[in-house]
Amino acid sequence: MQVLSKTPSGKVLTTSELVTYQEEAVVSRTLSQTKNGTITVFAFDEGQGLSEHTAPFDAMAFILEGEAQVTIQEKEHLLKAGEMIIMPANQPHSLVSLKKFKMLLVMIRS
């Protein structure tokens with residue numbers, strides 16, 4: 001996975017333009033990272049994904065464009081542009097791109 005530099009705050013941004021697709025890759029760009037959470041934009045080429053893992057806090061995935069399959073505790077959810085899902089803390093989850101897709105991931109630490 002390629003990680004791009006942080007984006008300065010106080011600036012109007014077009015979310016889907018912050019990352020570009022790369023062949024056979026997942027690209028991410030951190031927009032904000034503090035002790036209280038992170039905001040990251042991802043671009044997944046078709047067939048790419050994030051393997052099953054857990055996180056100690058809730059994570060909200062908002063699909064900006066394309067389509068993805070999000071699996072939470074072995075239950076599959078198909079999401080398309082404009083839809084979102086909350087992946088609960090400490091629950092195994094994974095993502096895979098059915099078509100190229102971009103998402104905004106927001107994690108809030110409590």
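Both backbone and side-chain heavy atoms feed into the values below; hydrogens, waters and symmetry mates do not.
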Undergrad: Take L13 and L18, measure what side-chain contact (heavy atoms from CB on, under 4.5 Å) needs, and give me the verdict at the end.
TA: CA-CA 8 Å; L13 306 169; L18 294 173; 4.2 Å; yes
Undergrad: Going by heavy atoms in the side chains, are Q69 and H77 under 4.5 Å from each other?
TA: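 They are not in side-chain contact.
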Undergrad: What closest approach, in Å, do M87 and H93 show between heavy atoms, and which atom pair accounts for it?
TA: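 Here M87 and H93 meet closest at SD-CD2, 3.4 Å.
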Undergrad: Nearest 0.5 Å, what's the CD-CZ distance between E17 and R29?
TA: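 Separation between the atoms: 11.5 Å.
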Undergrad: Please answer: with hydrophobic residues joined when any side-chain heavy atoms are less than 4.5 Å apart, are V70 and V96 in the same cluster?
TA: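 No, it is not one cluster - the side chains of V70 and V96 are not joined through contacts under 4.5 Å.
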Undergrad: Please tell me if the side chains of L64 and V41 come closer than 4.5 Å, counting only heavy atoms from C-beta onward.
TA: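 Yes. Closest side-chain heavy atoms under 4.5 Å.
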Undergrad: With rounding to the nearest 0.5 Å, note down the distance linking OG in S97 to CE in M103.
TA: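 One finds 10.5 Å between OG of S97 and CE of M103.
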Undergrad: Side chains of Y21 and E65: donor-acceptor distance under 3.5 Å anywhere?
TA: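 Indeed, the side chains of Y21 and E65 share at least one donor-acceptor pair under 3.5 Å.
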Undergrad: Hey, does F62 have a side-chain heavy atom less than 4.5 Å from the side chain of V106?
TA: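 Heavy-atom side-chain distance check fails, nothing below 4.5 Å.
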Undergrad: Going by heavy atoms in the side chains, are F101 and K80 under 4.5 Å from each other?
TA: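 No, side chains not in contact.
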Undergrad: With a 4.5 Å heavy-atom cut-off, do T38 and S32 have their side chains touching?
TA: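 Of all side-chain heavy-atom pairs linking S32 with T38, none is under 4.5 Å.
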Undergrad: Using a 4.5 Å cut-off on heavy atoms from C-beta on, say whether the side chain of M84 contacts that of I86.
TA: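 Side chain of I86 against side chain of M84, heavy atoms only: contact under 4.5 Å found.
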Undergrad: Could you check T20 against V27 for side-chain contact (heavy atoms from CB on, under 4.5 Å), going step by step and ending with a plain yes or no?
TA: CA-CA 7 Å; T20 57; V27 178; 5.8 Å; no
Undergrad: For the residue pair L50 and S94, establish whether any side-chain heavy-atom pair is separated by less than 4.5 Å.
TA: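 Not touching, per the 4.5 Å side-chain cut-off.
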Undergrad: Distance check, rounded to the nearest 0.5 Å: L104 atom CG versus I39 atom CD1?
TA: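 Nearest 0.5 Å value for the CG-CD1 distance: 7.0 Å.
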Undergrad: L105 and A59: which non-hydrogen atoms are nearest, and at how many Å?
TA: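 Of all heavy-atom pairs spanning L105 and A59, the closest is CD1-CB, 4.0 Å.
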Undergrad: Going by heavy atoms in the side chains, are S28 and V26 under 4.5 Å from each other?
TA: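 SC-SC contact between S28 and V26 ruled out.
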Undergrad: Can a salt bridge be assigned to the pair E67 and K99 using a cut-off of 4.0 Å between side-chain N and carboxylate O?
TA: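 K99 and E67: salt-bridged.
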Undergrad: Output the distance between atom CZ (R109) and atom CG (N36), rounded to the nearest 0.5 Å.
TA: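 Separation between the atoms: 8.5 Å.
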Undergrad: Looking at every non-hydrogen atom in both residues, tell me the closest pair between P88 and I72 and how far apart they are.
TA: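 Smallest heavy-atom distance, with atoms named: CD-CG2, 3.9 Å.
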Undergrad: Rounded to the nearest 0.5 Å, what separates atom CD in Q48 from atom CD in E23?
TA: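 Separation between the atoms: 10.0 Å.
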Undergrad: Considering all heavy atoms of both residues, which atom of V19 and which atom of A43 are nearest to each other, and what is their separation?
TA: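 Looks like CG2-CB, 3.6 Å.
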Undergrad: Out of curiosity, H53 NE2 to Q91 CD, how far, rounded to the nearest 0.5 Å?
TA: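 Answer for the NE2-CD pair, H53 versus Q91, is 12.5 Å.
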